[in-house]
Amino acid sequence: MLVIAPSKADRERVIPMSAELFHAVAQVIKRHRSQHGTVPLAHSYDPHERIWKISLPFLFQRRNGLTRSAINPATVRRRLNERCEALAVTHPEFEGVRFAPHDFRRLFATDLVNSGLPIHIGAALLGHLSIETTRGYVAVFDDDIVRHYQEFLDRRRDQRPTEEYRDPTSTEWSEFEEHFDKREVELGSCGRPYATPCAHEHACIRCPMLTLKPGMLPRLDEIEEDLVQRRQQANAQGWHGEIEGIDLTLTFLRSNRGQTQRAISLGMPSTAPARQKA
């Protein structure tokens with residue numbers, strides 16, 4: 001298993017490694033240990049925040065004078081393109097091909113779904129808060145996604161005892177319908193599976209299962225304004241634990257709002273009143 005440091009929404013992720021990836025990572029670690037006894041610490045620069053981050057044992061690093069630094073994305077991009085140019089000599093199909101590091105993340109997502117993994121599990125592995133984000137990564141049509149998901153369900157059902165697939169009783173059916181009635185919340189609807197408890201203690205704004213109603217965008221603005229004021233007060237009072245929780249809530253709030261606004265721009269009807277002609 002490969003542990004991914006918190007990046008997407010500040011959440012740590014654990015993903016399975018293929019034999020090839022495990023071998024490559026083991027070789028890099030072996031090289032570091034043979035030279036230094038361990039993986040040495042190296043610093044890295046965040047071009048978005050424009051700050052130097054704390055030193056960490058990066059696998060891909062190099063020496064710059066007396067210090068060690070992580071290999072930056074621009075260097076990775078340049079070396080990928082150099083490999084494409086070298087391959088083009090014997091493989092003309094690589095002529096003019098250019099890769100970015102993020103392209104391999106998209107290839108990974110596409111390979112997962114095309115191999116039959118349900119797209120919602122792929123979203124969890126990629127660290128996406130919404131399955132719609134993963135759809136944008138996957139180079140397949142919607143009918144392919146449905147087909148792969150249906151095949152996954154069929155395989156799971158074949159492994160389950162046949163007595164589990166009986167007709168539900170009236171009580172069970174009533175509980176099932178009641179579950180969907182309770183999924184309607186202030187900001188939209190909850191997509192958690194049947195017979196599962198709320199994992200976020202009804203803090204819906206933090207929940208990736210929330211489907212936001214477009215008409216609730218103004219309500220999000222009110223919640224954000226209140227959170228910003230609470231953060232200012234917490235900062236003034238030195239409530240550092242409170243600040244951490246507010247920042248996490250703001251991250252999810254802005255992510256949900258951005259996804260809903262993108263959905264509206266793609267054709268979802270807007271709730272804003274039409275302007276009157278003069």
If you count every heavy atom of other residues, nucleotides or ligands that lies below 6.0 Å from [X] atom [atom1], does the total exceed 12?
X     : atom1 : value
His36 : NE2   : yes
Tyr45 : OH    : yes
Arg50 : CZ    : no
Ile51 : CD1   : yes
Glu95 : CD    : no

If we ignore hydrogens and angles and just use 3.5 Å, is the side chain of [X] paired with the main-chain N or O of [Y] as donor and acceptor?
X      : Y      : value
Asn72  : Thr75  : yes
Thr249 : Gly245 : yes
Glu175 : Glu172 : no
Ser255 : Thr251 : no

**Study point:** Sequence-distant partners of Arg83, side chain to side chain contact (heavy atoms under 4.5 Å, CB included), two or more places apart
**Key:** Ala86
Heavy atoms, side chains only, cut-off 4.5 Å: are [X] and [Y] in contact?
X      : Y      : result
Pro40  : Gln61  : yes
Glu20  : His23  : no
Arg219 : Glu222 : yes
Leu187 : Lys213 : no
Gln229 : Gln233 : no

Check your understanding: Got a sec, which pairs hit salt bridge (charged side-chain N to carboxylate O under 4.0 Å, His left out) with one end in residues 226-241, sequence neighbours left out?
Key -> Arg230-Glu242, Arg231-Asp247
Quick check: closest heavy atoms across [X] and [Y], and the distance to 0.1 Å?
X      : Y      : answer
Phe99  : Asn81  : N-OD1, 3.2 Å
Pro101 : Val76  : CG-CG1, 3.8 Å
Leu41  : Arg68  : O-CB, 3.9 Å
His43  : Trp52  : CD2-CZ3, 2.9 Å
Leu80  : Ala100 : CD1-C, 4.2 Å
Val25  : Leu59  : CG1-CD1, 3.8 Å

Are [X] and [Y] connected in the hydrophobic side-chain network, where two residues link if heavy atoms are under 4.5 Å apart?
X      : Y      : value
Ile29  : Phe58  : no
Leu56  : Phe60  : no
Met216 : Leu220 : yes
Val228 : Ile243 : no

Got a second to check how far [X]'s [atom1] is from [Y]'s [atom2], nearest 0.5 Å?
X      : Y      : atom1 : atom2 : answer
Phe252 : Arg257 : CZ    : CZ    : 15.0 Å
Ser44  : Ile54  : OG    : CD1   : 9.0 Å
Leu253 : Leu248 : CG    : CG    : 11.5 Å

Check your understanding: Partners of Arg62 by salt bridge (Lys or Arg N to Asp or Glu O under 4.0 Å), sequence neighbours excluded?
Key -> none
Check your understanding: Between Glu85 and Arg98, is there a salt bridge with N-O shorter than 4.0 Å?
Key -> yes
**Study point:** Sidechain N-carboxylate O distance under 4.0 Å for Glu82, Arg79
**Key:** no
Practice item. For Arg33 and Lys30, run side chain to side chain contact (heavy atoms under 4.5 Å, CB included): C-alpha distance rounded to whole Å, both residues' side-chain angles, the deciding distance at 0.1 Å, then the answer. Key: CA-CA 5 Å; Arg33 287 181 173 176; Lys30 180 180 178 181; 5.9 Å; no
